[in-house]
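Computed over heavy atoms, backbone and side chain alike; hydrogens, waters and symmetry mates excluded.
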Amino acid sequence: MIGAGAGLSAAAGFEYSGQRFDTYFADFKQKYKIEDMYSGGFYPFESLEEYWAYWSRYIWINRYMDAPKDVYETLLSLVKDKDYFVLTTNVDHCFQKAGFDKKRLFYTQGDYGLFQCMTPCHNETYENKDLILEMVSKQKDMKIPTELIPKCPHCGKPMTMNLRCDNTFVEDEGWHKASQRFLDFIRTRKI
């Protein structure tokens with residue numbers, strides 16, 4: 001049984017402040033006086049265009065870019081021939097990108113790679129890689145084009161990230177399947 005939180009990703013080089021923040025968010029730091037990625041996620045941007053410019057960049061570097069250090073790959077090399085299961089609060093998908101078996105992972109707190117309705121009006125999530133890449137490539141002056149703001153296909157309200165930060169977190173079908181695999185693993189092993 002492997003339990004992992006933010007410290008593992010930090011050890012892999014996913015730092016949310018310092019040089020990494022300055023490299024990708026110098027413009028936001030200068031204009032809004034944001035000092036690190038985490039606090040920037042709570043900044044009260046004046047428009048959804050600014051909000052998604054920030055978040056698309058944030059998601060791109062923390063979900064779709066590879067970790068700078070091979071911490072996850074090293075961990076996999078230690079357990080790949082063992083009967084393992086990973087329970088993690090990390091939402092950066094580093095385990096799966098490193099080659100861990102998806103059926104042996106439970107991301108309890110969501111995934112930066114998924115959108116959900118902000119209300120939410122239903123319990124579905126949506127892959128976001130293509131739209132995030134388009135937002136990153138087309139942003140100008142710390143704003144994305146209005147037409148790229150993600151909208152719920154059911155109610156038309158804005159989408160948000162699938163992150164457990166309040167009572168609107170969507171536990172979709174994939175989340176429930178992973179939860180059940182975790183419970184089955186615990187129930188059938190002597191831990």
Side-chain angles (χ1 to χ4, degrees), residues 4-69 71-72 88-97 106-121 124-146 148-152 157-172 174-175:
L8 190 62
S9 289
F14 274 2
E15 303 274 334
Y16 279 37
S17 60
Q19 183 59 47
R20 189 164 177 264
F21 175 72
D22 292 344
T23 298
Y24 294 104
F25 292 97
D27 50 352
F28 281 89
K29 181 177 182 178
Q30 181 180 358
K31 181 175 180 178
Y32 301 107
K33 308 302 182 224
I34 297 170
E35 293 297 321
D36 60 76
M37 283 184 241
Y38 183 77
S39 60
F42 298 98
Y43 190 87
F45 293 105
E46 292 182 16
S47 70
L48 286 173
E49 290 83 359
E50 292 170 291
Y51 174 87
W52 281 111
Y54 182 84
W55 272 102
S56 62
R57 217 182 288 180
Y58 184 107
I59 292 168
W60 184 252
I61 67 169
N62 291 305
R63 170 59 168 79
Y64 295 110
M65 293 176 90
D66 290 333
K69 300 175 187 171
V71 170
Y72 285 89
T88 183
T89 57
N90 292 346
V91 294
D92 54 27
H93 224 58
C94 284
F95 282 103
Q96 197 165 333
K97 288 189 292 185
F106 181 24
Y107 292 92
T108 63
Q109 305 301 306
D111 180 348
Y112 284 143
L114 299 174
F115 286 150
Q116 68 171 62
C117 177
M118 72 180 321
T119 303
C121 70
E124 294 176 55
T125 58
Y126 303 88
E127 298 285 333
N128 66 22
K129 185 176 184 178
D130 292 339
L131 185 54
I132 290 294
L133 178 57
E134 190 173 4
M135 287 181 194
V136 169
S137 67
K138 292 184 177 176
Q139 61 183 253
K140 184 178 178 185
D141 299 324
M142 292 171 281
K143 294 181 181 177
I144 64 162
T146 301
L148 295 181
I149 295 171
K151 304 276 180 162
C152 175
K157 290 185 180 172
M159 300 284 261
T160 191
M161 288 68 59
N162 179 236
L163 303 176
R164 186 183 301 278
C165 53
D166 59 26
N167 64 353
T168 63
F169 177 69
V170 168
E171 295 175 355
D172 66 3
W175 187 96

NZ/K29 to CG/D22 distance, rounded to the nearest 0.5 angstrom? 4.0 Å
In short, S9 meets N90 closest at the heavy-atom pair OG-ND2, 3.4 Å
I'd like to check Y38 versus F21 (side-chain heavy atoms, cut-off strictly below 4.5 Å). Are they in contact? no
Quiz question: by atom type and distance under 3.5 Å, do the side chains of T146 and E49 form a donor-acceptor pair? yes
What heavy-atom pair brings I144 and S56 nearest, and what distance separates the two atoms? CG2-OG, 4.4 Å
When the ring planes of F25 and Y54 are compared, do they come out parallel, tilted or perpendicular, using 30° and 60° as the limits? tilted
Does T88 use its side chain to pair, donor to acceptor, with the backbone of A4 at less than 3.5 Å? yes
Would the distance check show the side chain of D92 and the main-chain N or O of R63 forming a donor-acceptor pair, the cut-off being under 3.5 Å? no
Would Y16 and Y58 count as a close aromatic pair, with their ring centres under 6.0 Å? yes
When rounded to the nearest 0.5 angstrom, what distance separates CG in L114 from CD in E127? 5.5 Å
Is the closest side-chain heavy-atom distance between D111 and H93 below 4.5 Å? yes
Nearest heavy-atom pair of D36 and S17: which atoms, and what distance? CB-CB, 3.8 Å
Test side chain to side chain contact (heavy atoms under 4.5 Å, CB included) applied to F45 and F28, step by step: CA-CA 11 Å; F45 293 105; F28 281 89; 3.8 Å; yes
Looking at W52 and I59, what are the two nearest heavy atoms and their distance? CZ3-CD1, 4.5 Å
With a 4.5 Å cut-off on side-chain heavy atoms, are W55 and M135 touching? no
Considering all heavy atoms of both residues, which atom of G110 and which atom of V91 are nearest to each other, and what is their separation? O-CG1, 3.4 Å
Is it true that the side chains of D172 and T125 contain a donor and an acceptor less than 3.5 Å apart? yes
Counting C-beta onward and ignoring hydrogens, is there a side-chain heavy-atom pair between Q116 and M159 closer than 4.5 Å? no
Are any non-hydrogen side-chain atoms of K129 and I132 less than 4.5 angstrom apart? no
Under 3.5 Å, is there a donor-acceptor pair between the side chain of R20 and the main chain of E15? yes
Do other residues, nucleotides or ligands put more than 12 heavy atoms under 6.0 Å from K31 NZ? yes
M37 CE to F14 CZ distance, which is reported to the nearest 0.5 Å: 9.0 Å
Just verifying a value: how many Å separate S137 OG and L148 CG, rounded to the nearest 0.5 Å? 8.0 Å
Would you say the side-chain atoms of D141 pair up with the backbone N or O of K143, donor to acceptor, closer than 3.5 Å? no
Side-chain heavy atoms of Q109 within contact of L163, under 4.5 Å: no
Do the two ring centres, one from Y72 and one from F95, sit under 6.0 Å apart? yes
Interatomic spacing from SG in C152 to CD in E124 - rounded to 0.5 Å: 8.5 Å
Quick one: do the Y64 and N128 side chains pair a donor with an acceptor below 3.5 Å? yes
Counting distance only, does the side-chain N/O of N162 pair as donor-acceptor with the main-chain N or O of F115 below 3.5 Å? no
Using the ring of each side chain (for Trp, its six-membered ring), is W175 parallel, tilted or perpendicular to F106, with breaks at 30° and 60°? perpendicular
Y32 versus E50, side-chain donor and acceptor atoms under 3.5 Å: yes
Return yes if some donor-acceptor pair links the side-chain N/O of T119 with the main-chain N/O of C121 below 3.5 Å, else return no. no
